[in-house]
A.B. asks: 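Have a look at the structure that comes next, please.
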Amino acid sequence: MLLVTGVNGQLGFDIIKELRKRSIECLGISRGDLDITDKNAVCEYISKLNPECVIHCAAYTAVDKAEDEREICYKVNVDGTENIAKACKNIDSKMIYISTDYVFNGKSDTILDVDGYKDPLSVYGKTKYQGELKVQALLSKYFIVRTSWVFGINGSNFVKTMLKLGKQRESLNVVCDQIGSPTYTVDLASLLCDMAISERYGIYHATNEGFCSWAEFATEIMEKANLDCIINPIPTSEYQSKAIRPLNSKLSKKSLGKSSFSLLPKWQDALERYLIELEG
Ligand SMILES: NC(=O)c1ccc[n+]([C@@H]2O[C@H](COP(=O)([O-])OP(=O)(O)OC[C@H]3O[C@@H](n4cnc5c(N)ncnc54)[C@H](OP(=O)(O)O)[C@@H]3O)[C@@H](O)[C@H]2O)c1
């Protein structure tokens, strides 16, 4: 039995779908089923269920809001993760912790290795990194999987925002100097299921293949969706946001290959399949 937290979010939703497709016994839980910040409840719930692996997708993910809600973000992403890790330790189960490119400062122009220098710039990034440290300190049977620019059917994301605005506006200003990789939850979910049934523990980066800027991503969305909206590339310095985001989010996927996990398809291919899924 596999337990997935954050089932009402983008990623958790598609992991449960993938596990069911593979006929793997699983349970997806939401905040209503279990508040991960409640230490005793987490311990009791997981001990009782006794899963072989917990895929921990629940998180405080409102990156800008987190700058004003430090405490709650910390409580969910650090304490909540620690609670899950401790519960996994008690029953000797595996844990998969989903982390983020925001653990890096993105100031260099190199492709970022899994063990590269961590210097998160935002409250959200800091708490996700501290979550990683909790997992590493408590467990040996863990996977830490850093992903980026996630889009899936169940929730709001950049693609959905662009499609909505693309229908309403003739042009849009989009940041062109943050470079990273979009990630389709369906593709990531498949990899995470492969990991969950393996013992190839470690720290991994997992995104769709290829790098682009948000402006290039937006241009591709407009083209593939046949929308006439023109994308004007602008620098980050001209875009107001509370949280500071890394400019370079190019994650190295070498560790996946080394452990014989498959790389995800190219992001353009993923976007095409996502647009079909949205239509359906
Ligand atoms: N989205 C991205 O671009 C991105 C990029 C890199 C990494 N990640 C990481 O990937 C993972 C999945 O992201 P996502 O986009 O699927 O996130 P999401 O759609 O925001 O879903 C997160 C889920 O966590 C649940 N949650 C929040 N606080 C909780 C609590 N105290 N107890 C139990 N559940 C709680 C939320 O439940 P409610 O709906 O009830 O609030 C929500 O359904 C997260 O760990 C995130 O940090 C995401």
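Just follow the structure's listing: the first ligand is 1, and inside any ligand the first atom is 1.
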A.B. asks: Arg146 and Ser249: side-chain donor and acceptor closer than 3.5 Å?
C.D. replies: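 Per modelled atom types, Arg146 and Ser249 side chains form no pair under 3.5 Å.
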A.B. asks: Kindly indicate whether a cation-pi arrangement holds for Arg200 with Phe261, taking the cut-offs as under 6.0 Å to the six-membered ring centre and within 45° of the axis.
C.D. replies: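 The answer is yes, since Arg200 meets both limits relative to Phe261.
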A.B. asks: Quick one, Ser148 with Asp101, criterion side-chain hydrogen bond (donor to acceptor under 3.5 Å, both in side chains). Give me CA distance, side-chain angles, the key distance, then yes/no.
C.D. replies: CA-CA 6 Å; Ser148 62; Asp101 54 317; 4.8 Å; no
A.B. asks: Going by the order shown, which atoms of ligand 1 are within less than 4.0 Å of some heavy atom of Cys57?
C.D. replies: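 Within the 4.0 Å cut-off of Cys57, ligand 1 contributes 11 (C), 12 (C), 44 (C), 45 (O).
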A.B. asks: Would you indicate which of Tyr102, Tyr124, Trp149 comes nearest to atom 8 (N) of ligand 1 when only heavy atoms are counted?
C.D. replies: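 It is Tyr124 that holds the nearest heavy atom.
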A.B. asks: Just distances here: any N/O of Val150 and N/O of ligand 1 closer than 3.5 Å?
C.D. replies: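 By distance alone, the answer is yes.
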A.B. asks: Looking at ligand 1, does Ser99 have a heavy atom less than 4.0 Å from it?
C.D. replies: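 For ligand 1, residue contact (heavy atoms, under 4.0 Å) with Ser99 is present.
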A.B. asks: So, His56 versus Thr5: side-chain donor-acceptor pair below 3.5 Å or not?
C.D. replies: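 Side-chain D/A pair, His56 to Thr5: present.
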A.B. asks: Could you check whether Asn173 and Glu238, counting side-chain N and O atoms only, form a donor-acceptor pair closer than 3.5 Å?
C.D. replies: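 Per modelled atom types, Glu238 and Asn173 side chains form no pair under 3.5 Å.
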A.B. asks: At a non-hydrogen distance cut-off of under 4.0 Å, which region of Arg146 contacts ligand 1 (side chain, backbone, both, or neither)?
C.D. replies: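 Neither part.
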A.B. asks: Purely on distance, is any nitrogen or oxygen of Asn154 under 3.5 Å from one on ligand 1?
C.D. replies: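 By distance alone, the answer is no.
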A.B. asks: Less than 3.5 Å between some nitrogen or oxygen of Ile36 and one of ligand 1, yes or no?
C.D. replies: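 So ligand 1 has an N or O lying under 3.5 Å from an N or O of Ile36.
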A.B. asks: What part of Leu34, side chain, backbone, both or neither, has a heavy atom within less than 4.0 angstrom of ligand 1?
C.D. replies: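 Just the backbone.
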A.B. asks: Parallel, tilted or perpendicular for Trp149 and Phe217, by the 30°/60° rule?
C.D. replies: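 Plane angle under 30°, so parallel.
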A.B. asks: Does a side-chain heavy-atom distance below 4.5 Å link Val103 with Tyr117?
C.D. replies: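 No - every pair of side-chain heavy atoms lies 4.5 Å or more apart.
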A.B. asks: Which residue from Ala59, Ala41, Gly155 reaches closest to atom 24 (O) of ligand 1 through any of its heavy atoms?
C.D. replies: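 It is Ala59 whose heavy atom sits nearest to atom 24 (O) of ligand 1.
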A.B. asks: Can you tell me if Lys160 has over 12 outside heavy atoms packed within less than 6.0 Å of its NZ?
C.D. replies: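 Result for NZ/Lys160: enclosed.
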A.B. asks: Does the pair Glu67/Arg245 count as a salt bridge with the N-to-O cut at 4.0 Å?
C.D. replies: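 Between Arg245 and Glu67 there is no salt bridge, as every charged N stays at least 4.0 Å from the carboxylate O atoms.
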A.B. asks: Please list, in number order, the atoms of ligand 1 under 4.0 Å from a heavy atom of Asp35.
C.D. replies: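 Here the atoms of ligand 1 in question are 30 (C), 31 (N), 32 (N).
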A.B. asks: Only heavy atoms of Thr61, strictly under 4.0 Å: list the atoms of ligand 1 that pass.
C.D. replies: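 Within the 4.0 Å cut-off of Thr61, ligand 1 contributes 17 (O), 18 (P), 20 (O), 46 (C), 47 (O).
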A.B. asks: Any nitrogen or oxygen of Thr37, main chain or side chain, under 3.5 Å from a nitrogen or oxygen of ligand 1?
C.D. replies: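 Checking ligand 1 against Thr37, no N or O pair falls under 3.5 Å apart.
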A.B. asks: Any N or O on Arg31 sitting closer than 3.5 Å to an N or O of ligand 1?
C.D. replies: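 Checking ligand 1 against Arg31, an N or O pair does fall under 3.5 Å apart.
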A.B. asks: Check each atom of ligand 1 against the heavy atoms of Asn8 and keep those under 4.0 Å away; list them by number with element.
C.D. replies: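 Numbered from 1, ligand 1 contributes 43 (O).
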A.B. asks: Does some side-chain heavy atom of Thr81 sit less than 4.5 Å from a side-chain heavy atom of Tyr97?
C.D. replies: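 Yes, their side chains come closer than 4.5 Å.
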A.B. asks: Counting both backbone and side chain atoms, is some N or O of Ser30 under 3.5 Å from an N or O of ligand 1?
C.D. replies: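 No; the residue has no nitrogen or oxygen that sits under 3.5 Å from a nitrogen or oxygen of the ligand.
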A.B. asks: Give yes if a backbone or side-chain nitrogen or oxygen of Gly9 is under 3.5 Å from a nitrogen or oxygen of ligand 1, and no if not.
C.D. replies: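 In this structure, Gly9 places an N or O atom under 3.5 Å from an N or O of ligand 1.
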A.B. asks: Regarding ligand 1, does Leu11 bring an N or O atom to under 3.5 Å of one of the ligand's N or O atoms?
C.D. replies: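 Yes, Leu11 has an N/O under 3.5 Å of an N/O on ligand 1.
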A.B. asks: For atom 39 (O) of ligand 1, state whether the nearest protein heavy atom is under 4.0 Å away.
C.D. replies: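 Under the 4.0 Å cut-off, atom 39 (O) of ligand 1 has no protein heavy-atom neighbours at all.
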A.B. asks: Mind checking whether Ile29 has a heavy atom under 4.0 Å from ligand 1?
C.D. replies: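 No, that is not the case, since the closest heavy atom of the residue is not under 4.0 Å from the ligand.
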A.B. asks: Side-chain donor-acceptor pair under 3.5 Å between Tyr124 and Thr61, yes or no?
C.D. replies: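 No, because no side-chain N or O of Tyr124 sits under 3.5 Å from a partner of the opposite role on Thr61.
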A.B. asks: Do the side chains of Asp14 and Asn154 get nearer than 4.5 Å, heavy atoms only?
C.D. replies: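 Of all side-chain heavy-atom pairs linking Asp14 with Asn154, none is under 4.5 Å.
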A.B. asks: Would you check whether Asp101 has a nitrogen or oxygen atom less than 3.5 angstrom from a nitrogen or oxygen atom of ligand 1?
C.D. replies: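 Such a contact does not occur with ligand 1.
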A.B. asks: Residue-level breakdown please: for Ile98 versus ligand 1, do any non-hydrogen atoms fall below 4.0 Å on the side chain, on the backbone, on both, or on neither?
C.D. replies: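 Both backbone and side chain of Ile98 come within 4.0 Å of ligand 1.
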A.B. asks: Does a side-chain heavy-atom distance below 4.5 Å link Pro51 with Ile91?
C.D. replies: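 Counting from C-beta outward, Pro51 and Ile91 do come under 4.5 Å.
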A.B. asks: Does an N or O anywhere in His56 fall below 3.5 Å from an N or O of ligand 1?
C.D. replies: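 Among all N and O atoms of His56, none is under 3.5 Å from an N or O of ligand 1.
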